[in-house]
Amino acid sequence: VRRLLAALAFLAACATTAGQTAINIAETCATGAIHDTAVSILGDVGTALAGGGWEAALSALVVKFGIDAVKCAVQQVASDANHDALASGDALSEVKATHGRAWLAEHP
Amino acid sequence: VNVAVVNQSTQLSDTDLAFYVAGCNTFLLECALAWGVHYTPVSLYRSTYDLPAGLTRVATFVDELPDAPGALAFHSVNSDGSVYSMMRADAGSVGLDHEDVEELLDSDCSKTVTRPDGKVVAYEIADPVQADTRSRSVTVLGETRQVQQSNYVLPSWFDAGGKAPFDAFGLCVAPFEIRPGGYCIVDGEAVFAEGDEIAKRAVEAKRGDPGSRVARRLEVTKKGRP
(Lines give C-alpha, C1' and ligand atoms only; values in the text may rest on other atoms or scores of the structure.)
Protein backbone atom coordinates (compact mmCIF):
# COMPACT_ATOMS: atom_id res chain seq x y z
CA VAL A 1 0.00 0.00 0.00
CA ARG A 2 2.89 2.35 0.83
CA ARG A 3 4.46 1.66 -2.58
CA LEU A 4 1.16 2.21 -4.35
CA LEU A 5 0.63 5.53 -2.58
CA ALA A 6 4.19 6.58 -3.37
CA ALA A 7 3.71 5.62 -7.02
CA LEU A 8 0.48 7.60 -7.24
CA ALA A 9 2.10 10.61 -5.59
CA PHE A 10 5.04 10.35 -7.96
CA LEU A 11 2.82 10.10 -11.04
CA ALA A 12 0.76 13.05 -9.80
CA ALA A 13 3.98 15.04 -9.52
CA CYS A 14 4.91 14.04 -13.07
CA ALA A 15 1.49 15.05 -14.34
CA THR A 16 1.84 18.41 -12.64
CA THR A 17 5.21 18.93 -14.26
CA ALA A 18 4.45 17.67 -17.73
CA GLY A 19 0.77 18.46 -17.93
CA GLN A 20 -0.04 14.79 -18.42
CA THR A 21 1.96 11.58 -18.82
CA ALA A 22 1.25 10.01 -22.18
CA ILE A 23 1.65 6.43 -20.98
CA ASN A 24 -1.02 5.06 -18.70
CA ILE A 25 0.98 2.80 -16.43
CA ALA A 26 -2.09 0.75 -15.54
CA GLU A 27 -2.77 -0.16 -19.19
CA THR A 28 0.18 0.15 -21.58
CA CYS A 29 2.88 -0.97 -19.17
CA ALA A 30 1.00 -3.82 -17.55
CA THR A 31 0.53 -6.24 -20.43
CA GLY A 32 2.08 -7.60 -23.59
CA ALA A 33 5.50 -7.13 -25.12
CA ILE A 34 6.01 -3.61 -23.76
CA HIS A 35 5.43 -4.88 -20.24
CA ASP A 36 7.82 -7.81 -20.68
CA THR A 37 10.56 -5.61 -22.09
CA ALA A 38 10.05 -2.91 -19.45
CA VAL A 39 10.38 -5.38 -16.57
CA SER A 40 13.49 -6.93 -18.12
CA ILE A 41 15.28 -3.56 -18.40
CA LEU A 42 14.59 -2.19 -14.91
CA GLY A 43 18.24 -2.84 -14.01
CA ASP A 44 19.46 -1.02 -17.12
CA VAL A 45 17.24 1.95 -16.33
CA GLY A 46 18.32 1.94 -12.69
CA THR A 47 21.96 2.16 -13.72
CA ALA A 48 21.18 4.83 -16.32
CA LEU A 49 19.26 7.07 -13.90
CA ALA A 50 21.92 6.79 -11.21
CA GLY A 51 24.88 7.61 -13.42
CA GLY A 52 26.45 10.88 -14.49
CA GLY A 53 25.57 10.49 -18.17
CA TRP A 54 21.98 9.55 -17.47
CA GLU A 55 20.36 11.32 -20.44
CA ALA A 56 22.68 9.69 -22.97
CA ALA A 57 22.28 6.35 -21.25
CA LEU A 58 18.48 6.57 -21.47
CA SER A 59 18.68 7.63 -25.11
CA ALA A 60 20.74 4.53 -25.85
CA LEU A 61 18.12 2.38 -24.15
CA VAL A 62 15.37 4.02 -26.21
CA VAL A 63 17.25 3.14 -29.41
CA LYS A 64 17.67 -0.44 -28.25
CA PHE A 65 14.31 -1.18 -26.62
CA GLY A 66 11.86 1.49 -27.87
CA ILE A 67 10.42 4.58 -26.22
CA ASP A 68 7.33 2.99 -24.71
CA ALA A 69 9.15 0.23 -22.82
CA VAL A 70 11.76 2.69 -21.56
CA LYS A 71 9.02 5.09 -20.41
CA CYS A 72 7.34 2.30 -18.46
CA ALA A 73 10.63 1.26 -16.87
CA VAL A 74 11.59 4.85 -16.02
CA GLN A 75 8.20 5.40 -14.39
CA GLN A 76 8.62 2.27 -12.28
CA VAL A 77 12.25 2.91 -11.27
CA ALA A 78 11.71 6.60 -10.56
CA SER A 79 8.54 5.90 -8.59
CA ASP A 80 10.32 3.28 -6.47
CA ALA A 81 13.28 5.63 -6.03
CA ASN A 82 10.96 8.41 -4.92
CA HIS A 83 9.42 6.07 -2.35
CA ASP A 84 12.84 4.89 -1.18
CA ALA A 85 14.15 8.45 -0.89
CA LEU A 86 11.17 9.43 1.27
CA ALA A 87 11.42 6.30 3.43
CA SER A 88 15.17 6.29 3.93
CA GLY A 89 16.65 9.63 2.90
CA ASP A 90 18.94 7.69 0.57
CA ALA A 91 20.85 10.14 -1.65
CA LEU A 92 21.14 7.83 -4.67
CA SER A 93 17.40 7.16 -4.64
CA GLU A 94 16.80 10.91 -4.65
CA VAL A 95 19.12 11.28 -7.66
CA LYS A 96 17.27 8.58 -9.58
CA ALA A 97 13.86 10.06 -8.73
CA THR A 98 14.96 13.54 -9.82
CA HIS A 99 16.46 12.30 -13.08
CA GLY A 100 13.42 10.15 -13.81
CA ARG A 101 11.00 12.98 -13.14
CA ALA A 102 12.97 15.29 -15.44
CA TRP A 103 13.15 12.71 -18.23
CA LEU A 104 9.43 11.93 -18.06
CA ALA A 105 8.66 15.65 -18.22
CA GLU A 106 10.75 15.84 -21.39
CA HIS A 107 9.06 12.76 -22.88
CA PRO A 108 5.32 13.21 -22.28
CA VAL B 1 23.08 3.96 1.47
CA ASN B 2 21.48 1.96 -1.31
CA VAL B 3 22.01 -1.78 -1.72
CA ALA B 4 22.80 -2.27 -5.41
CA VAL B 5 21.63 -5.68 -6.62
CA VAL B 6 23.42 -6.86 -9.75
CA ASN B 7 22.76 -9.96 -11.83
CA GLN B 8 25.90 -11.78 -12.98
CA SER B 9 24.22 -15.17 -13.10
CA THR B 10 23.37 -16.97 -16.30
CA GLN B 11 20.66 -18.94 -14.50
CA LEU B 12 18.59 -16.04 -13.20
CA SER B 13 16.68 -13.68 -15.49
CA ASP B 14 16.63 -9.94 -14.93
CA THR B 15 12.85 -10.17 -14.83
CA ASP B 16 12.90 -12.70 -11.98
CA LEU B 17 15.36 -10.50 -10.13
CA ALA B 18 13.12 -7.45 -10.55
CA PHE B 19 10.42 -9.29 -8.58
CA TYR B 20 12.92 -10.43 -5.93
CA VAL B 21 14.08 -6.85 -5.43
CA ALA B 22 10.54 -5.48 -5.20
CA GLY B 23 9.62 -8.13 -2.62
CA CYS B 24 12.82 -7.57 -0.69
CA ASN B 25 12.13 -3.84 -0.38
CA THR B 26 8.73 -4.44 1.17
CA PHE B 27 10.25 -7.07 3.44
CA LEU B 28 13.07 -4.76 4.58
CA LEU B 29 10.71 -1.88 5.27
CA GLU B 30 8.57 -4.14 7.46
CA CYS B 31 11.64 -5.40 9.27
CA ALA B 32 13.00 -1.89 9.80
CA LEU B 33 9.66 -0.83 11.30
CA ALA B 34 9.57 -3.92 13.56
CA TRP B 35 13.07 -3.23 14.82
CA GLY B 36 12.84 0.57 14.89
CA VAL B 37 15.91 0.94 12.70
CA HIS B 38 16.75 2.91 9.58
CA TYR B 39 15.44 1.47 6.33
CA THR B 40 18.03 0.68 3.66
CA PRO B 41 16.49 0.43 0.18
CA VAL B 42 17.49 -2.24 -2.32
CA SER B 43 17.62 -1.39 -6.04
CA LEU B 44 18.31 -3.31 -9.22
CA TYR B 45 21.21 -2.20 -11.46
CA ARG B 46 22.71 -3.51 -14.66
CA SER B 47 26.17 -2.78 -13.31
CA THR B 48 27.74 -0.67 -10.60
CA TYR B 49 30.48 0.69 -12.85
CA ASP B 50 29.00 4.19 -13.23
CA LEU B 51 27.38 4.55 -9.81
CA PRO B 52 28.55 7.31 -7.46
CA ALA B 53 31.19 6.00 -5.06
CA GLY B 54 30.29 5.51 -1.43
CA LEU B 55 26.53 5.47 -1.89
CA THR B 56 26.02 1.76 -2.39
CA ARG B 57 26.71 -1.68 -0.97
CA VAL B 58 26.76 -4.30 -3.69
CA ALA B 59 24.83 -7.58 -3.67
CA THR B 60 25.62 -9.81 -6.63
CA PHE B 61 23.84 -12.92 -7.89
CA VAL B 62 26.27 -15.40 -9.44
CA ASP B 63 26.19 -19.00 -10.67
CA GLU B 64 28.81 -20.34 -8.23
CA LEU B 65 30.51 -19.22 -5.02
CA PRO B 66 34.07 -20.50 -5.33
CA ASP B 67 35.08 -18.81 -2.04
CA ALA B 68 32.36 -20.66 -0.15
CA PRO B 69 31.63 -23.96 -1.90
CA GLY B 70 28.30 -25.40 -0.76
CA ALA B 71 27.00 -22.11 0.62
CA LEU B 72 24.03 -20.34 -0.94
CA ALA B 73 25.09 -16.83 0.03
CA PHE B 74 27.54 -14.91 2.16
CA HIS B 75 28.66 -11.44 3.13
CA SER B 76 32.23 -10.29 3.18
CA VAL B 77 34.36 -7.16 3.38
CA ASN B 78 36.61 -5.67 0.72
CA SER B 79 40.10 -4.44 1.55
CA ASP B 80 38.69 -0.89 1.67
CA GLY B 81 36.20 -1.93 4.38
CA SER B 82 33.13 -1.90 2.14
CA VAL B 83 30.61 -4.65 2.76
CA TYR B 84 29.40 -6.78 -0.11
CA SER B 85 27.36 -9.93 -0.52
CA MET B 86 27.34 -12.73 -3.06
CA MET B 87 24.39 -15.04 -3.67
CA ARG B 88 24.03 -18.11 -5.83
CA ALA B 89 21.15 -17.89 -8.29
CA ASP B 90 19.33 -20.71 -6.50
CA ALA B 91 19.43 -18.77 -3.23
CA GLY B 92 16.61 -16.80 -4.83
CA SER B 93 14.56 -14.14 -3.12
CA VAL B 94 15.11 -15.73 0.29
CA GLY B 95 18.88 -15.41 -0.10
CA LEU B 96 18.51 -11.74 -0.95
CA ASP B 97 16.18 -11.17 2.00
CA HIS B 98 18.49 -13.03 4.36
CA GLU B 99 21.67 -11.15 3.52
CA ASP B 100 20.06 -7.72 3.41
CA VAL B 101 17.98 -8.06 6.54
CA GLU B 102 21.08 -8.98 8.53
CA GLU B 103 22.98 -6.02 7.11
CA LEU B 104 20.06 -3.80 8.12
CA LEU B 105 20.69 -4.52 11.80
CA ASP B 106 24.43 -4.99 11.92
CA SER B 107 26.30 -4.40 8.68
CA ASP B 108 29.78 -4.99 10.10
CA CYS B 109 28.94 -8.00 12.31
CA SER B 110 30.07 -6.30 15.52
CA LYS B 111 26.94 -6.58 17.68
CA THR B 112 26.35 -9.27 20.26
CA VAL B 113 23.94 -9.97 23.11
CA THR B 114 24.92 -11.61 26.40
CA ARG B 115 22.39 -14.12 27.70
CA PRO B 116 21.64 -14.45 31.45
CA ASP B 117 23.91 -17.52 31.52
CA GLY B 118 26.81 -15.35 30.35
CA LYS B 119 27.02 -16.77 26.85
CA VAL B 120 27.58 -14.30 24.02
CA VAL B 121 25.12 -14.55 21.12
CA ALA B 122 25.70 -13.07 17.66
CA TYR B 123 23.21 -10.43 16.56
CA GLU B 124 22.08 -12.24 13.42
CA ILE B 125 18.34 -11.99 12.92
CA ALA B 126 17.78 -14.37 10.01
CA ASP B 127 20.08 -17.29 10.93
CA PRO B 128 18.00 -18.84 13.76
CA VAL B 129 14.92 -19.10 11.52
CA GLN B 130 16.58 -19.24 8.10
CA ALA B 131 14.70 -22.31 6.84
CA ASP B 132 11.27 -20.77 7.46
CA THR B 133 9.85 -19.13 4.36
CA ARG B 134 6.46 -18.13 3.05
CA SER B 135 5.24 -16.58 -0.18
CA ARG B 136 4.24 -12.99 -0.72
CA SER B 137 2.45 -11.35 -3.66
CA VAL B 138 4.70 -8.88 -5.47
CA THR B 139 3.49 -6.59 -8.26
CA VAL B 140 5.82 -4.99 -10.80
CA LEU B 141 4.34 -2.93 -13.62
CA GLY B 142 0.95 -4.54 -13.19
CA GLU B 143 2.16 -8.15 -13.13
CA THR B 144 1.77 -10.03 -9.87
CA ARG B 145 3.91 -13.00 -8.86
CA GLN B 146 4.41 -15.05 -5.73
CA VAL B 147 7.88 -14.53 -4.24
CA GLN B 148 9.34 -16.45 -1.30
CA GLN B 149 10.10 -14.38 1.76
CA SER B 150 12.51 -15.08 4.61
CA ASN B 151 11.65 -15.15 8.30
CA TYR B 152 13.60 -13.12 10.88
CA VAL B 153 13.60 -12.87 14.65
CA LEU B 154 12.28 -9.86 16.56
CA PRO B 155 13.89 -7.92 19.45
CA SER B 156 12.00 -10.12 21.95
CA TRP B 157 13.99 -13.15 20.68
CA PHE B 158 17.19 -11.67 22.16
CA ASP B 159 15.50 -10.90 25.51
CA ALA B 160 15.40 -13.79 28.00
CA GLY B 161 12.27 -12.24 29.52
CA GLY B 162 10.77 -11.32 26.17
CA LYS B 163 7.21 -12.09 25.21
CA ALA B 164 5.85 -13.56 21.94
CA PRO B 165 5.98 -13.00 19.06
CA PHE B 166 9.68 -13.80 18.84
CA ASP B 167 9.87 -13.89 15.04
CA ALA B 168 8.07 -12.38 12.07
CA PHE B 169 6.15 -15.58 11.28
CA GLY B 170 5.27 -16.30 14.93
CA LEU B 171 6.88 -19.76 14.91
CA CYS B 172 9.35 -19.53 17.81
CA VAL B 173 7.88 -20.26 21.23
CA ALA B 174 10.75 -18.93 23.36
CA PRO B 175 13.63 -16.45 23.25
CA PHE B 176 16.88 -17.77 21.72
CA GLU B 177 15.02 -20.72 20.14
CA ILE B 178 16.70 -22.12 17.01
CA ARG B 179 14.22 -23.43 14.45
CA PRO B 180 14.94 -26.56 12.36
CA GLY B 181 17.35 -25.59 9.58
CA GLY B 182 18.54 -22.55 11.50
CA TYR B 183 21.57 -21.84 13.60
CA CYS B 184 23.03 -19.30 15.98
CA ILE B 185 26.61 -18.45 16.91
CA VAL B 186 27.17 -18.65 20.66
CA ASP B 187 30.58 -18.09 22.28
CA GLY B 188 32.35 -18.60 18.97
CA GLU B 189 30.59 -21.85 18.11
CA ALA B 190 27.72 -22.49 15.73
CA VAL B 191 24.72 -23.98 17.56
CA PHE B 192 21.94 -25.83 15.75
CA ALA B 193 18.56 -27.31 16.50
CA GLU B 194 19.13 -30.76 17.99
CA GLY B 195 20.19 -33.34 15.40
CA ASP B 196 20.16 -30.84 12.52
CA GLU B 197 23.04 -32.08 10.33
CA ILE B 198 21.87 -30.25 7.20
CA ALA B 199 22.14 -26.82 8.80
CA LYS B 200 25.50 -27.84 10.26
CA ARG B 201 26.94 -28.66 6.84
CA ALA B 202 25.61 -25.40 5.38
CA VAL B 203 27.35 -23.35 8.07
CA GLU B 204 30.59 -25.27 7.59
CA ALA B 205 30.48 -24.26 3.92
CA LYS B 206 30.35 -20.59 4.87
CA ARG B 207 33.50 -20.78 7.00
CA GLY B 208 35.62 -20.90 3.84
CA ASP B 209 35.80 -17.11 3.44
CA PRO B 210 37.48 -15.49 6.46
CA GLY B 211 35.55 -12.29 5.75
CA SER B 212 32.14 -13.97 5.75
CA ARG B 213 29.57 -13.13 8.39
CA VAL B 214 29.89 -16.62 9.84
CA ALA B 215 33.68 -16.45 10.11
CA ARG B 216 33.60 -12.98 11.65
CA ARG B 217 30.80 -13.98 14.01
CA LEU B 218 32.67 -17.02 15.22
CA GLU B 219 35.54 -14.71 16.08
CA VAL B 220 33.61 -11.83 17.64
CA THR B 221 31.50 -13.99 19.98
CA LYS B 222 34.42 -15.93 21.45
CA LYS B 223 34.59 -15.50 25.20
CA GLY B 224 36.67 -12.57 26.33
CA ARG B 225 36.09 -10.59 23.15
CA PRO B 226 34.15 -7.32 23.19
Side-chain angles (χ1 to χ4, degrees), chain A residues 1-4 6-7 23-32 34-54 56-57 60-61 68-69 71-97, chain B residues 1-9 12-33 37-61 100 103-104 136-145 147:
Chain A
V1 171
R2 287 171 190 275
R3 284 196 168 269
L4 181 60
I23 285 194
N24 183 334
I25 200 166
E27 295 175 7
T28 310
C29 301
T31 56
I34 290 176
H35 164 81
D36 293 346
T37 303
V39 176
S40 74
I41 62 170
L42 291 174
D44 299 87
V45 169
T47 298
L49 289 176
W54 62 277
L61 291 175
D68 286 346
K71 272 189 190 177
C72 292
V74 170
Q75 283 183 336
Q76 179 74 40
V77 171
S79 170
D80 286 348
N82 186 58
H83 166 269
D84 290 340
L86 291 172
S88 70
D90 172 49
L92 189 55
S93 296
E94 181 59 40
V95 166
K96 288 194 293 180
Chain B
V1 176
N2 191 295
V3 178
V5 182
V6 180
N7 188 13
Q8 290 183 358
S9 166
L12 180 65
S13 76
D14 290 350
T15 298
D16 289 339
L17 194 49
F19 283 87
Y20 292 178
V21 168
C24 186
N25 259 315
T26 305
F27 167 77
L28 289 177
L29 187 54
E30 288 173 355
C31 179
L33 289 170
V37 298
H38 197 70
Y39 164 61
T40 304
V42 175
S43 303
L44 183 59
Y45 294 94
R46 164 62 55 195
S47 78
T48 56
Y49 177 74
D50 197 29
L51 298 186
L55 294 182
T56 58
R57 294 199 303 260
V58 182
T60 309
F61 275 92
D100 289 318
E103 279 193 8
L104 197 67
R136 163 198 293 281
S137 291
V138 174
T139 301
V140 178
L141 282 168
E143 179 185 354
T144 301
R145 293 188 183 183
V147 172

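Each chain gets a letter, A, B and so on, in the order its sequence line appears, and its residues count up from 1.
- Ranking A:Gly52, A:Ala38, A:Ala57, A:Gly43 against chain B, the residue ahead of the rest is A:Gly43, based on heavy-atom pairs under 4.5 Å.
- Using modelled atom types and a 3.5 Å distance limit, the side chains of B:Asn2 and A:Ser93 yield a donor-acceptor pair.
- B:Tyr39 and A:Asp90 share no donor-acceptor pair across their side chains, judged by distance under 3.5 Å alone.
- The minimum heavy-atom distance linking B:Val42 with A:Asp84 is given by the pair O-OD2, 4.4 Å.
- Scanning all heavy atoms of the two residues, the minimum distance from A:Ser88 to B:His38 falls at O-NE2, 2.8 Å.
- Residues forming a ring-ring contact (aromatic ring centres under 6.0 Å, His included) with B:Phe27 (at least two apart in sequence, or on another chain): B:Tyr152.
- Inter-residue side-chain proximity for B:Thr15 and A:Asp36 is flagged as unmet; no heavy-atom pair is nearer than 4.5 Å.
- A distance of 6.5 Å separates NE2 of A:His35 from CG of B:Leu141, quoted to the nearest 0.5 Å.
- We find the OG1-NE2 distance between B:Thr26 and A:His83 to be 7.5 Å, quoted to the nearest 0.5 Å.
- Sequence neighbours left out, the pairs with a member in residues 38-54 of chain A that pass side-chain hydrogen bond (donor to acceptor under 3.5 Å, both in side chains) are A:Asp44-B:Arg46, A:Trp54-A:His99.
- In this structure, the side chains of A:Asp80 and B:Val21 stay at 4.5 Å or more apart for every pair of heavy atoms.
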